[in-house]
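Just the heavy atoms: all of them, side chains too, but no hydrogens, waters or symmetry mates, feed the values below.
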Amino acid sequence: MEPPVNPPKEIDDPADTKPEDWVDEAKIDDPDSSKPDDWDEDAPMMIPDPDASKPSGWVDDAPLKIDDPSATKPEDWDDDEDGEWEAPVIDNPICSVGCGKWEAPRISNPEYKGKWY
């Protein structure tokens with residue numbers, strides 16, 4: 001159909017050409033830039049908080065969960081049919097503050113700058 005109902009979105013210009021100094025790369029390196037002397041590419045993004053301390057009452061060698069001492073095996077439990085009975089697991093009451101290996105919370109490293117490109 002001439003003329004078309006929906007004209008093309010872009011009309012080609014046959015006289016249009018790229019400039020001679022055109023660069024096709026998405027990014028161009030700056031020849032005058034150089035990596036600063038204090039730039040540390042190996043610095044971690046997150047570090048342990050130096051101001052954090054282990055809370056008082058923290059227990060290092062106690063399990064976080066324990067078998068419920070008040071639980072009993074049901075009377076109608078059949079080991080052959082139901083398998084070996086295991087008590088339900090509950091939170092350890094002595095771990096109200098925390099248990100296990102304590103690790104300081106991690107914070108953003110103020111020295112982190114990332115990789116130099």
J.: At what distance, to the nearest 0.5 angstrom, does CG of Asp76 lie from CD of Glu81?
T.: 9.5 Å

J.: If you look only at pairs with a residue in residues 10-27, which of them pass as a side-chain hydrogen bond (donor to acceptor under 3.5 Å, both in side chains), with sequence neighbours excluded?
T.: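 Output for this query lists Lys18-Asp24, Trp22-Asp24.
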
J.: Just so I know, are the side chains of Ser108 and Met45 near enough to count as touching, which here means a heavy-atom distance under 4.5 Å?
T.: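 In short, these two side chains do not touch, never coming nearer than 4.5 Å.
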
J.: Just how far is it from atom CD of Glu111 to atom CG of Asp38, taken to the nearest 0.5 Å?
T.: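 If I round to the nearest 0.5 Å, the distance is 8.5 Å.
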
J.: Please round to the nearest 0.5 Å and tell me the distance separating atom CG of Asn92 and atom CG of Leu64.
T.: 7.5 Å

J.: What pairs meet the ring-ring contact (aromatic ring centres under 6.0 Å, His included) rule with one or both residues in residues 28-50, with sequence neighbours excluded?
T.: Trp39-Trp116

J.: Taking atom CE of Met46 and atom CG of Asn109, what is their separation to the nearest 0.5 Å?
T.: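 Output value for this atom pair is 9.5 Å.
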
J.: Measure across Cys99 and Ala62 and return the closest heavy-atom pair with its distance rounded to 0.1 Å.
T.: CB-O, 3.5 Å

J.: Considering residues at least two apart in sequence or located in another chain, which fulfil the side-chain hydrogen bond (donor to acceptor under 3.5 Å, both in side chains) criterion with Asp67?
T.: none

J.: For Lys35, I'd like to know if atom NZ has over 12 heavy atoms of other residues, nucleotides or ligands within 6.0 Å.
T.: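 Above 12, so yes.
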
J.: Using links of under 4.5 Å between side-chain heavy atoms of ILVMFWY residues, direct or through other members, which residues join Ile66 in one cluster?
T.: Ile90

J.: Would Asp60 and Lys101 pass as an ion pair if we require N to O under 4.0 Å?
T.: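 Salt bridge absent between Asp60 and Lys101.
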
J.: Look at the side chain of Trp77 and the backbone N and O of Gly83, then say whether any donor-acceptor pair between them is shorter than 3.5 Å.
T.: yes

J.: State which residues pass salt bridge (Lys or Arg N to Asp or Glu O under 4.0 Å) with Lys115; sequence neighbours excluded, sorted by chain then number.
T.: Glu41

J.: Contact between Ile47 and Arg106 at the side-chain level, heavy atoms closer than 4.5 Å - yes or no?
T.: no

J.: How long is the span from the NZ atom in Lys73 to the CD atom in Glu84, to the nearest 0.5 Å?
T.: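 Lys73 NZ to Glu84 CD: 8.0 Å, rounded to 0.5 Å.
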
J.: Flag the pair Ile28 / Val23 as yes when at least one side-chain heavy-atom distance between them is below 4.5 Å, and no otherwise.
T.: yes

J.: Taking atom CG as the centre, does Asp79 end up with more than 12 heavy-atom neighbours from other residues, nucleotides or ligands that are less than 6.0 angstrom away?
T.: yes

J.: Which residues satisfy the side-chain hydrogen bond (donor to acceptor under 3.5 Å, both in side chains) test with Trp85, sequence neighbours excluded?
T.: none

